[in-house]
Amino acid sequence: MFKAKRRTVVSVAAVVAALLAGALAVTLTQGSGTASGVTYVAGNQAQQVYAVGHRALAPQFTAPSLTGTQIRLASYRGKIVVLNFWGSWCDPCRAEAPTLAVLSEQYRSRGVSFLGDDVGDTPVNALAFTRSVGISYPSMNDSNYAIVQEIGKVAPVNFTPTTLVIDRTGHIAGLVIGKVSYQAMAAILRAAEATG
């Protein structure tokens, strides 16, 4: 009899837990099957645009560039910022670099700034790589992943490469996990530009 009661209690607890999990999922996704306020570029879950009101505030940081000068994210407030997490050792990073170089040149006149966060690398290797692919925007030396850890508190940056678009108010407007495409970045940048 004791085993039957325990089995009933466990069964009821499991049903309640399942119902609560379901209610939470419906609440978070507003019944759509996707997180509230998130649009996937071309249906790709690795390419996301966040609606205004659903954008996390990017943590502020100061870090040395590959050449030793200090870079402060706060100094970019009022501009759209593309922040790319990369490493010269990373094949998808190497493959996406020419696309980022083109985008940075094309969007510069529109007030968009590009920054790189070179992770797990040395400045010598990183600078040689950026020169070889024509990247002219600055990158930070993040050999110990400190910026990744800070940004990772509000956005999924645990994969290299990952690229964030930060809007003029300092909120994360969208991201690409993995190698960027021109089309995905253009879509995310349009969303960031449209919302001020």
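Since this is a predicted model, take the numbers as computed values, not measurements.
Between Gly174 and Ile188, the shortest heavy-atom distance links the atoms CA-CG2, 3.8 Å. Minimum interatomic distance between Arg108 and Ser136 (heavy atoms only, all atoms of both residues): NH2-OG, 3.5 Å. Among all heavy-atom pairs drawn from Ser88 and Asn125, the shortest one is OG-CB, 3.6 Å. For the residue pair Asp142 and Val148, the shortest heavy atom distance occurs at OD2-N, 3.3 Å. Between Asp118 and Ala126, the shortest heavy-atom distance links the atoms OD2-CB, 3.0 Å. The nearest pair of heavy atoms linking Phe114 to Leu100 is CE2-O, 4.0 Å.
No path of Ile, Leu, Val, Met, Phe, Trp and Tyr side chains, each step under 4.5 Å between heavy atoms, connects Ile172 with Leu57, placing them in separate hydrophobic clusters. In terms of hydrophobic clustering, with Ile, Leu, Val, Met, Phe, Trp and Tyr side chains grouped at heavy-atom distances under 4.5 Å, Val41 and Val52 are assigned to different clusters.
Inter-residue side-chain proximity for Val38 and Tyr50 is flagged as met; some heavy-atom pair is nearer than 4.5 Å. Thr163 has its side chain within reach of Met185: a pair of non-hydrogen atoms, C-beta onward, lies under 4.5 Å apart. Looking at heavy atoms from C-beta onward, Tyr137 lies out of side-chain contact with Thr130 at the 4.5 angstrom threshold.
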Under the side-chain contact (heavy atoms from CB on, under 4.5 Å) criterion, do Phe85 and Leu164 qualify, and how do the steps go?
CA-CA 8 Å; Phe85 294 87; Leu164 304 178; 4.0 Å; yes
Could you walk me through whether Ile166 and Arg55 pass the side-chain contact (heavy atoms from CB on, under 4.5 Å) check?
CA-CA 9 Å; Ile166 301 170; Arg55 296 178 178 177; over 6 Å; no
Thr160 vs Cys93, side-chain contact (heavy atoms from CB on, under 4.5 Å): CA-CA, chis, key distance, verdict:
CA-CA 7 Å; Thr160 306; Cys93 302; 3.5 Å; yes
Where do Gln48 and Tyr40 land on the side-chain contact (heavy atoms from CB on, under 4.5 Å) test, with the steps shown first?
CA-CA 5 Å; Gln48 304 176 6; Tyr40 300 124; 3.8 Å; yes
Trace of the side chain to side chain donor-acceptor pair (under 3.5 Å) decision for Tyr107 with Glu193
CA-CA 11 Å; Tyr107 280 84; Glu193 288 176 322; 5.5 Å; no
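Separating the OG1 atom in Thr169 from the CZ atom in Arg77 is a distance of 6.5 Å, to the nearest 0.5 Å. Rounding to the nearest 0.5 Å gives a distance of 11.0 Å between SG of Cys90 and NZ of Lys179. Taken from CD1 in Ile80 to CG in Asp167, the straight-line distance is 7.5 Å, to the nearest 0.5 Å. In this structure, the separation between CG on Leu189 and CZ on Arg110 is 7.5 Å, given to the nearest 0.5 Å. Rounded to the nearest 0.5 angstrom, Met140 CE and Asp117 CG are separated by 4.5 Å. We find the OG-CG distance between Ser143 and Asp121 to be 9.0 Å, quoted to the nearest 0.5 Å.
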Using distance only, find each side-chain donor-acceptor pair of residues 149-157 under 3.5 Å and give its atom names and separation, not counting sequence neighbours.
residue : atom : partner : partner atom : Å
Glu150  : OE1  : Lys153  : NZ           : 3.3

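Side-chain atoms of Arg94 never come within 3.5 Å of backbone atoms of Trp89 as a donor-acceptor pair (strictly under, hydrogens ignored).
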